[in-house]
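Whatever order the structure lists ligands and atoms in, that order sets their numbers, starting from 1. Note that the coordinates shown come from a computational prediction; the quantities given were computed from them, not determined experimentally.
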Amino acid sequence: MTLLRPDPDTTPFLLAARQLPAERIPVWFMRQAGRSLPEYKRVRGEGTILDAIADPERAAEITLQPVRRYGVDAAILFSDIVTPIWASGFGIDIAAGVGPVCERPFASPADLERLRPLDPSTDLDFQTKTVELLVAELTPLGVPLIGFAGAPFTLASYLIEGRPSRDYAKVKALMHGQPELWHRLCARLADLAITTLTAQVQAGASAIQLFDSWAGALRPEHYREFVMPHSSRIMAAMADLGIPRIHFGINTGELLSPMADVGAEVVGVDWRTPLQVARRRTGGRVALQGNLDPAIILAPRHVLDAEVQRVLDDNDGHPGHIFNLGHGVLPQSDPDQLLRVVELVHAASRVS
Ligand code: CP3
């Protein structure tokens with residue numbers, strides 16, 4: 001069977017990722033699926049979110065819900081950054097209202113053995129099945145599917161802290177105190193990301209996003225020394241697959257240049273950094289994705305409209321722009337406000 005992905009030469013999201021003009025400005029939202037949608041709550045089921053992720057029919061349905069409701073220009077696979085770690089048997093779960101938690105956090109070289117390499121045909125078969133179901137539904141609609149993985153720093157932060165952290169004290173203690181162990185851990189996590197992303201693309205994903213959500217906790221020199229080699233290896237391993245690569249983190253205004261050097265076509269920008277500043281810092285070598293403040297979705301309609309326009313004005317008609325929020329959709333968001341954003345962005349592209 002030939003895999004038919006949406007046409008890279010006519011699909012707005014795939015054109016913008018290569019900084020080429022498109023018939024409209026593409027828009028999608030990080031966390032567009034999930035708790036903000038009543039239809040998600042209906043199919044999510046009891047049990048942990050990992051149970052829903054491991055069920056291809058349910059995961060595919062959840063992925064499609066925001067495409068139907070909003071008419072977004074891309075779908076993102078319903079999964080989580082910790083899915084490959086969970087599949088490796090490390091012992092990680094996602095606690096409701098908390099996030100990823102490990103009962104026995106990573107602390108010593110012996111813990112490396114708990115991160116065994118993945119065999120995609122057995123360990124990730126549920127994910128391959130989900131991607132195949134999705135590509136069959138999405139390609140006739142011309143909507144590309146984004147696959148994703150967590151980057152080594154962000155994943156290591158959950159493994160070492162054992163839960164979400166504010167200060168990353170244990171992570172930084174291990175990074176600076178046991179640099180050799182740090183690099184061995186990150187090398188394993190990079191391998192997991194490469195295996196996961198490659199399987200997603202081979203099953204039909206049209207783009208990938210590497211989430212280094214918490215890398216903004218680092219100063220640029222430390223980012224370059226302790227993180228960049230591993231994330232660069234992931235991006236390099238994906239380079240020949242012919243799909244756009246997106247690299248994202250929050251609080252990364254000072255890291256935009258090194259994050260662009262990691263080798264993605266697109267860099268995500270959070271709401272703290274205006275797009276024109278981000279474009280200057282990345283020297284125009286990448287397309288930008290972002291960057292409406294997710295909290296603006298909760299604001300009155302006239303504020304929302306003005307802030308969407310501000311993002312568009314900041315971008316100033318540059319073809320290398322994928323409209324998104326600066327981070328994920330907040331669970332309390334009103335779906336009608338997100339629909340409004342899609343309508344405004346698409347309408348703006350028609351007049352310009
Ligand atoms: O629509 C999409 O964006 C796809 C689904 C998706 C999920 N997680 C599903 C999910 C994606 C892309 C992720 C990535 C992810 N997971 C990241 C990177 C993006 C970011 O937010 O920076 C991170 C840091 C995680 C780790 C994680 N998983 C957190 C912090 C949480 C939230 C905990 C909570 O309950 O508030 C999760 C759980 C999670 N992952 C939910 C969803 C829909 C909510 C829990 C549920 O529905 O049971």
Side-chain angles (χ1 to χ4, degrees), residues 27-55 58-70 72 74-86 92-102 127 130-131 134 143 145-159 161-166 168 171 189 193 196-197 200 205 207-217 246-252 259 268-271 289-291 294 324-333 335 338:
V27 48
W28 70 280
F29 305 113
M30 290 181 279
R31 297 283 177 99
Q32 60 192 10
R35 286 173 297 179
S36 59
L37 292 181
E39 57 268 39
Y40 170 75
K41 291 175 198 147
R42 283 198 288 275
V43 300
R44 156 81 165 75
E46 301 301 316
T48 101
I49 189 193
L50 290 162
D51 297 323
I53 289 169
D55 174 356
R58 212 174 351 153
E61 166 59 23
I62 293 170
T63 305
L64 293 169
Q65 287 175 344
V67 176
R68 294 189 200 112
R69 187 187 266 265
Y70 301 128
V72 278
I76 181 157
L77 177 66
F78 187 73
S79 184
D80 196 87
I81 56 168
V82 303
T83 303
I85 294 174
W86 172 72
I92 194 161
D93 213 334
I94 299 182
V98 178
V101 285
C102 305
Q127 178 192 263
T130 309
V131 172
L134 283 167
V143 177
L145 177 70
I146 304 170
F148 71 91
F153 178 81
T154 293
L155 290 178
S157 78
Y158 289 116
L159 296 188
E161 301 279 346
R163 51 178 298 115
S165 170
R166 256 178 224 285
Y168 305 93
V171 187
L189 294 172
T196 307
L197 293 169
Q200 291 169 0
I208 58 104
Q209 178 155 330
L210 187 65
F211 281 99
D212 210 350
S213 302
W214 316 136
I246 309 169
H247 193 191
F248 168 81
I250 70 161
N251 260 317
T252 50
M259 284 182 75
V269 184
D270 84 8
W271 61 94
Q289 177 169 278
N291 71 345
N324 205 316
L325 305 181
H327 198 189
V329 172
L330 296 169
Q332 64 270 42
S333 301
L338 290 160

Practice prompt. Between I250 and ligand 1, find which residue part has any heavy-atom pair under 4.0 Å and reply side chain, backbone, both or neither.
Written response: neither
How far is [atom] from the closest protein heavy atom, and which atom is that?
atom                    : value
atom 37 (C) of ligand 1 : D80 OD1, 3.7 Å
atom 14 (C) of ligand 1 : I81 CG2, 3.9 Å
atom 11 (C) of ligand 1 : F148 CZ, 3.7 Å
atom 36 (O) of ligand 1 : R35 NH2, 3.0 Å
atom 29 (C) of ligand 1 : R31 NH2, 3.6 Å
atom 10 (C) of ligand 1 : I49 CD1, 3.2 Å
atom 7 (C) of ligand 1  : S79 O, 3.0 Å
atom 38 (C) of ligand 1 : I94 CG2, 3.5 Å

Which pair of non-hydrogen atoms, one from [X] and one from [Y], has the smallest distance, and what is that distance?
X    : Y    : value
P100 : I92  : CB-CD1, 4.3 Å
F211 : M30  : CE2-SD, 3.9 Å
A215 : T154 : N-OG1, 4.1 Å
V67  : V72  : CA-CG2, 3.9 Å
P294 : W271 : CD-CE3, 3.6 Å

Show the atoms of ligand 1 that are less than 4.0 angstrom away from any heavy atom in [X].
X    : value
H327 : 20 (C), 21 (O), 22 (O)
A33  : 1 (O)
F211 : 12 (C), 18 (C), 19 (C)
Y40  : 43 (C), 46 (C), 47 (O)
P100 : 26 (C), 27 (C), 29 (C)
L77  : 4 (C)
Y158 : 24 (C), 26 (C), 30 (C)

Worksheet, complete the sentence: The reported gap from CG in N324 to CZ in F29 (rounded to nearest 0.5 angstrom) is 7.0 Å
Response to the item:
Rounded to the nearest 0.5 angstrom, the CG-CD distance for L197 and Q209 is 10.5 Å
What about [X]: any of its N or O atoms under 3.5 Å from an N or O on ligand 1?
X    : value
R44  : yes
G97  : yes
S213 : yes
W214 : no

Discussion item. Between T63 and F78 (side chain of the first, backbone of the second, donor and acceptor by atom type, cut-off under 3.5 Å), is there such a pair?
Written reply: yes
Worksheet item: So, the side chain of D212 versus the backbone of G249: is there a donor-acceptor pair under 3.5 Å, distance only?
Response: no
Worksheet item: Any chance CZ of R68 has more than 12 other-residue heavy atoms, nucleotides or ligands included, within less than 6.0 Å?
Response: yes
Discussion item. Using a strict threshold of under 4.0 Å (side-chain N to carboxylate O), is an ion pair present between R69 and E39?
Written reply: yes
Discussion item. Using side chain to side chain contact (heavy atoms under 4.5 Å, CB included), reason through W214 and I250 one step at a time and then give a plain yes or no.
Written reply: CA-CA 6 Å; W214 316 136; I250 70 161; 3.8 Å; yes
